[in-house]
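What follows is one structure encoded as structure tokens, with my remarks underneath.
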Amino acid sequence: MSFPAPTSNDPTRRFQDATDAARVALEALIADANAAGWSTDEMTVALVEAARSLKDANTRDPDPADDPPISGVDAKQGQIGRGELFD
């Protein structure tokens, strides 16, 4: 799924464009969830919580790509000898 580009630099119009695009995306997502057996109410509550979590994470760290690596150890190498199964 792709989102349309904003149609204006006006903050009010951009907000409306973003809201409209998000609603279309959410309607499609909820339709897919309904087809899989989830209720609309379950999914709307879950989506609100997921959105809140993403907003909180963005508030804490707006650009995580700039963060240093967590470890200098290669992920695959780091599993060796720790009892985990790694494909």
- request: Report yes if some heavy atom in the side chain of K55 is under 4.5 Å from a heavy atom in the side chain of T59; otherwise report no.
  value: yes
query: Given the rule that I, L, V, M, F, W and Y join up when any side-chain heavy atoms are under 4.5 Å apart, are L29 and W38 in one cluster?
result: yes
query: Around N9, counting heavy atoms of other residues, nucleotides and ligands shown, do more than 12 lie under 6.0 Å from its CG?
result: no
- prompt: Between I30 and M43, which heavy-atom pair has the shortest distance, and what is it?
  reply: CG1-CB, 4.3 Å
query: Looking only at heavy atoms, what is the nearest atom pair of F3 and A25, with distance?
result: CZ-CB, 3.8 Å
query: When you measure from the side chain of D17 to the backbone N and O of T7, does any donor-acceptor pair fall under 3.5 Å?
result: yes
For residues 44-51, dump all side-chain donor-acceptor pairs below 3.5 Å to protein atoms at least two apart in sequence or in another chain.
{"from": "T44", "atom 1": "OG1", "to": "T40", "atom 2": "O", "distance (Å)": "3.1"}
{"from": "T44", "atom 1": "OG1", "to": "D41", "atom 2": "O", "distance (Å)": "3.0"}
{"from": "E49", "atom 1": "OE1", "to": "R52", "atom 2": "NH1", "distance (Å)": "3.4"}
{"from": "E49", "atom 1": "OE2", "to": "R52", "atom 2": "NH1", "distance (Å)": "2.6"}

